Amino acid sequence: MDGSEFRLVAEEPAAPARRVRVLLPLPFPEPYDYRVPDGMDLPDGAYVEVPLGPRRVFGVVWGDALPRDPDNTVPDAKLKPVARRFDLPPMPEVSRKFVDWVAAYTMSLPGNVLRMAISVSAALEEPRLLTAYRLGDDPIPPDFRLTPARRRILDLLADSPPRLPADLAEEAGCTPAVVRGLADAGILVPVPMRSLPRFAEPDHDRHGPTFSAEQQHAADSLRKRVEEGGYSCTLLDGVTGSGKTEVYFEAVAASLRAGKQALVLLPEIALSAQWLDRFEGRFGVRPAEWHSDLNGPTRRHTWRAIANGEARVVVGARSALFLPYPDLGCIVVDEEHETAFKQEDGVIYHARDMAVVRAHLGKIPIVLVSATPSLESLVNAEAGRYARIDLPARHGGATMPDVTLIDLRKPDAQPPARHWISPILKAALEETFAAGEQAMLFLNRRGYAPLTLCRACGHRLQCPHCTAWLVEHRLTKRLQCHHCGFTARTPESCESCGAEGSFVACGPGVERVAEEVVALFPDARTAMMTSDTLIGPRAIQEVVEKVKAREVDLLIGTQIMAKGHHFPLLTLVGVVDGDLGLAGGDLRAGERTFQLLHQVAGRAGRESRPGRVFIQTHMTEHPVMQALAAHDRDSFLAHEAEARQQMEMPPYGRMAALIVSGEDDRLVDQVALRLGRTAPRGRLELTILGPAPAPLAILRGRHRRRLLLKGPKNLPLQPVLADWLSQVEVPPQVRVQVDIDPYSFM
DNA sequence: AGCACGCCGACT
DNA sequence: GTCGGCGTGCTC
């Protein structure tokens, strides 16, 4: 047989395979190469499915990235073909650039950043058919047990279109099993549902509120920036109640008017029903919400609606920043000073800072909003990098509340032993109740007592996995670790000395203050607001409604009480322990405490009723307390800024932290010490601190050490860190995380 | 991240 | 004798 034809083909140099780089949402150092099948169109940003070892994964065509080592690319023979392309608009170039930028800045792997952008891999798939349920036509058989949960579900469906089991369960406060039970009994009838309802177009021309001259001016200025387009950053600085939200809604409206999307970032905790109501009041519809506890189908539906441009306005927690908006027109970061914008695990980043970067890359305006702006933003505004708009007045004529400091060192101000409410605060509460007004007691400490110890031997109950005391929660009758979720029953006897019933609670938590209040004011109707008692925005909203309906005289709670809720009849705020955040010596402690207490104080006396605030403290002379009492934010911040400047701390210098962690403390110490030895100490412009035990020396069973690197403001720290890290071998049991711009400077 | 392969304890 | 624990290593 004549094989010449075959030989001829074999000897011809094979045409190189068409290949694309595909970034996978996995912790790889770079994108992987794949072969492009004939006839498949794969532009940059295309969402694809590719084979990876024995499995198939989703990824994004990442054409621009070059291989790390161009001389040693993967040979054609090793290439696997792209399995399929999804029917979605490609990820926009700006989103891809953003992923690369954030990965480089935070020194994390691009795949880990990409994972935040495609959120849930199943988002790429066509939504499957959903099964909703409606009430059946037959009467309920008399022998069918109508439990309260079943009753609630039937009530919900009485006059509503068919609903999904997950939604029904969530709204009725039960598990989907209850819905399934009703369906199995034939009381609910399944209805196939094509998909979740579309996101309605917000009406930007609906009439907003009537603005004061100042508000109008602020709104006009923001609107103009959005209309002009291009990057700009504006700090909207306005006291609580100055109508900031309505003002920045005009920036959102301008973006919509230009046919573009808008993104509003809020700290998770502030994404309240009240905020959504205000949005609906202005735009007539609800925005697309993005936060951690969206259920699967809703998450996918929302992601797809954002990716294809159907969702016009997105309000979300920090992770919403990474979604692939095809045409974003402006970004708003509300409560920009909030520490909740700092993501501390996985990719460590500050959503406010990254939002500014995103705006820059997208050439769009961004608005940072706060009543107590971060020092970072104020310094940027002063340096002219940010524009600044002030909204000084409280809307509707309300005045700032009187702030009184209660000096707990003075004998006549001291509460009785094992009590936490000063006679002065008690008298103020009495007056408030007598006047038929409402009061709030704030203590940023969950549970009954922060520490439990044995009276006999002094043994303290500690978390087995963390360097933290176990917090007693009397409502759940359990001890809890607030860092890892460990819980345990309170032991009968001391595990150290065996004494029985010897445990004693030390210090106050909100539950203990509530107990004291009930004893002091048996007739007052009280309600608690903590993340333990109220799970989800709906539960919070219920309490808020009760307060508004005057069914509550006194609210006791932690910081979830302080965010965005408006209580018209509340005239007294008591801060049980104003010093709580100041302990520990962190340089940011003052700023943070001021922000929190200022926000809490702002709950008092809106709607033209004068408000009073009492802060219990052992440090009346502390600049934070003085600033709060004198309503003198600006000189306090100037003082803080000067202290930071002298120490060349952020925002006047740059910092990075290295966190070394692992289960084996000896190994962790070894790596930390090695990093300490190889630190770039020769460079005089750099300061290296540590290694020292990290703020939580043991967390979830992992030992943690920390090193800090400080340098001048204009010095890029990443190359220094990369060089430093490359010199130290890290065993796989130990992890070294880089935290650029750490929140705590300790 | 998964998922394989690979070497040492309690079981049908 | 096997089932299975999770330690290490690879995936274009």
Side-chain angles (χ1 to χ4, degrees), chain A residues 14-38 40-86 90-91 96 99-100 102-103 106-125 292 296 299-300 303 319 322 343-349 465 660-668 670-671 700-703 728-738:
Chain A
R18 277 220 306 140
R19 54 169 79 199
V20 279
R21 317 220 75 211
V22 177
L23 186 62
L24 306 172
L26 297 171
F28 301 158
E30 59 183 344
Y32 276 6
D33 289 357
Y34 285 88
R35 190 163 56 73
V36 181
D38 288 338
M40 197 186 277
D41 178 34
L42 289 177
D44 288 351
Y47 296 100
V48 292
E49 187 180 44
V50 293
L52 182 74
R55 61 210 168 104
R56 287 172 153 228
V57 293
F58 302 122
V60 180
V61 174
W62 219 255
D64 295 338
L66 294 166
R68 284 177 134 196
D69 178 1
D71 301 329
N72 193 17
T73 52
V74 177
D76 275 358
K78 212 183 163 186
L79 286 189
K80 292 182 183 176
V82 172
R84 62 172 164 150
R85 177 181 172 192
F86 291 97
M91 178 181 277
R96 284 180 282 123
V99 167
D100 282 331
V102 171
T106 61
M107 300 184 74
S108 30
L109 297 163
N112 285 340
V113 181
L114 178 70
R115 198 161 35 167
M116 305 195 288
I118 60 179
S119 90
V120 49
S121 46
L124 304 176
E125 298 276 16
S292 57
R299 200 176 186 77
R300 173 202 311 218
W303 188 91
S319 57
F322 293 92
Q343 166 114 37
E344 295 282 6
D345 43 39
V347 179
I348 302 178
Y349 67 93
H465 313 299
V660 187
S661 69
E663 283 176 29
D664 183 341
D665 62 332
R666 274 191 38 247
L667 223 47
V668 171
Q670 235 174 61
V671 174
R700 297 169 210 272
R702 295 175 71 89
H703 294 259
V728 174
E729 214 173 295
V730 181
Q733 302 95 314
V734 176
R735 197 168 66 192
V736 179
Q737 282 173 288
V738 181

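Keep in mind that this is a model prediction, so the values were computed, not measured. To find a chain, count down the sequence lines: A is the first, B the second, and so on, and within it residues start at 1.
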Q.
Under 4.0 Å between a side-chain nitrogen and a carboxylate oxygen: does that hold for Asp76(A) and Arg35(A)?
A. no
Q) Should we count CD of Glu663(A) as having more than 12 external heavy atoms under 6.0 Å? A)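 Incorrect, the count does not exceed 12.
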(Q) Is it the case that atom CZ in Arg84(A) sees more than 12 heavy atoms from other parts of the structure closer than 6.0 Å? (A) yes
Which is true for [X] with a 4.0 Å heavy-atom rule: it touches a base, it touches only sugar-phosphate, or it touches nothing?
X: Pro54(A); result: sugar-phosphate
X: Leu79(A); result: sugar-phosphate
X: Pro75(A); result: nothing

Rounded to whole angstrom units, what separation is found between the [atom1] atom of [X] and the [atom2] atom of [N]?
X: Leu23(A); N: dT11(C); atom1: CG; atom2: P; answer: 18 Å
X: Leu109(A); N: dT11(C); atom1: CG; atom2: P; answer: 17 Å
X: Arg55(A); N: dG2(B); atom1: CZ; atom2: C1'; answer: 4 Å
X: Tyr32(A); N: dC10(C); atom1: OH; atom2: P; answer: 10 Å
X: Leu52(A); N: dC3(B); atom1: CG; atom2: P; answer: 10 Å
X: Leu26(A); N: dG2(B); atom1: CG; atom2: C1'; answer: 8 Å
X: Leu24(A); N: dC3(B); atom1: CG; atom2: P; answer: 14 Å
X: Arg735(A); N: dA1(B); atom1: CZ; atom2: P; answer: 8 Å

Q: Write down the atom of Arg115(A), the atom of Pro25(A), and the distance for their closest heavy-atom approach.
A: CD-O, 3.6 Å
Q. Counting just side-chain N and O atoms, does Lys80(A) come under 4.0 Å of either OP1 or OP2 of dT11(C)?
A. no
